[in-house]
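Everything on this sheet refers to the single structure shown next.
Counting convention: from 1, in listed order, for ligands and their atoms alike. Numbers for residues simply follow the sequence, beginning at 1.
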Amino acid sequence: MIRLPLLSTVIKNLFKKPATNPFPKTEPVPVPENFRGKIVYNVDKCVGCRMCVTVCPAGVFVYLPEIRKVALWTGRCVFCKQCVDVCPTNALQMSDEFLLASYDKYDSKFIYVTPEEAEEIKKKQEELKKAKAQAKAKKDQ
Ligand code: SF4
Ligand code: SF4
C-alpha cells in the first residue's frame with residue numbers, strides 16, 4: 001500500500017493564502033528595533049579620536065589628520081556596529097536603511113567626506129581659528 005502522509009497537509013495548504021511578501025510590489029518586511037542598517041556619520045560631532053579606525057574590522061575608515069575627522073567608504077561595511085559602540089561622541093549611528101544595491105561601488109551614497117568636502121571643512125576650521133585669534137587679541141588689548 002502506498003503511504004502519502006503529507007497529502008492532507010498539501011491539500012489544506014492549497015486553499016490558504018501564500019505566506020510570502022511580494023516585494024517590490026509591497027513594502028518590505030519592517031525592520032526590528034536596533035536593526036543594523038547603513039552607517040550614518042555626523043562629521044560635526046566627530047572629535048577625531050580614531051577609535052572607529054582602530055575597531056573597524058573592514059577598513060571602512062580613513063583618518064584625515066589635517067582636519068581631525070574621518071572619511072568613510074561604507075561599501076566595505078559588515079554592519080558589526082563596533083564603531084557605533086566605541087564612538088565617544090555619538091558621531092556614528094546605524095540607520096534602518098538596507099536597500100543599498102548599486103551599479104557603482106563608489107556611489108556617493110557609500111561615501112562620507114569626499115576630498116572636496118574635506119577641503120571645505122579645512123577652510124571653515126581655519127576661518128574659525130582666525131576669528132578666535134582675532135577675538136582673543138581684541139580682548140587682550
Ligand atoms: S559597522 Fe563594523 S564594519 Fe561597519 S563601519 Fe562600523 S566597525 Fe566598520
Ligand atoms: S570614534 Fe567617533 S569621534 Fe572618534 S574619530 Fe571615529 S567618528 Fe570621530
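- The shortest heavy-atom distance from L92 to ligand 2 is under 4.0 Å.
- Between the side chain of S102 and the main chain of D104, a donor-acceptor pair closer than 3.5 Å is present.
- Atom 6 (Fe) of ligand 1 has its closest protein heavy atom at C83 SG, 2.3 Å.
- Residue C56 approaches ligand 1 through these ligand atoms, each under 4.0 Å from one of its heavy atoms: 3 (S), 5 (S), 7 (S), 8 (Fe).
- For ligand 2, the atoms closer than 4.0 angstrom to any heavy atom of Y41 are 7 (S).
- The backbone N or O of I39 sits less than 3.5 Å from a side-chain atom of Y112, completing a donor-acceptor pair.
- Ligand 1 lies less than 4.0 angstrom from a heavy atom belonging to V78.
- Counting heavy atoms under 4.0 Å from ligand 2, residue K69 does not touch it at all.
- Taking a cut-off of under 4.0 Å to the non-hydrogen atoms of R50, the atoms of ligand 2 that pass are 4 (Fe), 5 (S).
- E117 places a side-chain N or O within 3.5 Å of a backbone atom of T114 that can act as its donor or acceptor partner.
- Atoms of ligand 2 found under 4.0 Å from any heavy atom of T89, numbered from 1 in the order shown, are 3 (S).
- A donor-acceptor distance shorter than 3.5 angstrom exists from the side chain of K69 to the backbone of C46, with no hydrogens or angles considered.
- Near C77, meaning under 4.0 Å from any of its heavy atoms, are these atoms of ligand 1: 1 (S), 3 (S), 4 (Fe), 5 (S).
- The closest approach between F61 and ligand 2 stays at or above 4.0 Å for every heavy atom of the residue.
- Of the possible donor and acceptor atoms, none in the side chain of Q82 sits under 3.5 Å from a partner among the backbone N and O of P57.
- Atoms NZ and CZ, on K81 and R36 in that order, are 7.0 Å from each other to the nearest 0.5 Å.
- Residue side and main chain included, C52 places no N/O/S atom under 2.8 Å of atom 2 (Fe) of ligand 2.
- Under a 4.0 Å criterion applied to the non-hydrogen atoms of V47, ligand 2 contributes the atoms 3 (S), 8 (Fe).
- With hydrogens left out, the protein atom closest to atom 8 (Fe) of ligand 2 is C46 SG, 2.3 Å, a heavy atom.
- Looking at Y63 against ligand 2, nothing comes within 4.0 Å, counting heavy atoms.
- In this structure the side chain of V86 never reaches within 4.5 angstrom of the side chain of T54, judged on heavy atoms.
- Among protein heavy atoms, atom 2 (Fe) of ligand 1 sits closest to C80 SG, 2.3 Å.
- The hydrophobic cluster containing L99 does not contain F110, counting ILVMFWY residues as joined when their side-chain heavy atoms lie under 4.5 angstrom apart, directly or transitively.
- At most 12 non-hydrogen atoms from other residues, nucleotides or ligands lie less than 6.0 angstrom from NZ of K124.
- In this pair, F98 and F35 present their aromatic rings perpendicular. The plane angle is above 60°, beyond the 30 to 60° band.
- A donor-acceptor distance shorter than 3.5 angstrom exists from the side chain of T89 to the backbone of K45, with no hydrogens or angles considered.
- Near K81, meaning under 4.0 Å from one of its heavy atoms, ligand 1 places the atoms 1 (S), 2 (Fe).
- Among protein heavy atoms, the minimum distance from atom 4 (Fe) of ligand 2 is reached at C49 SG, 2.3 Å.
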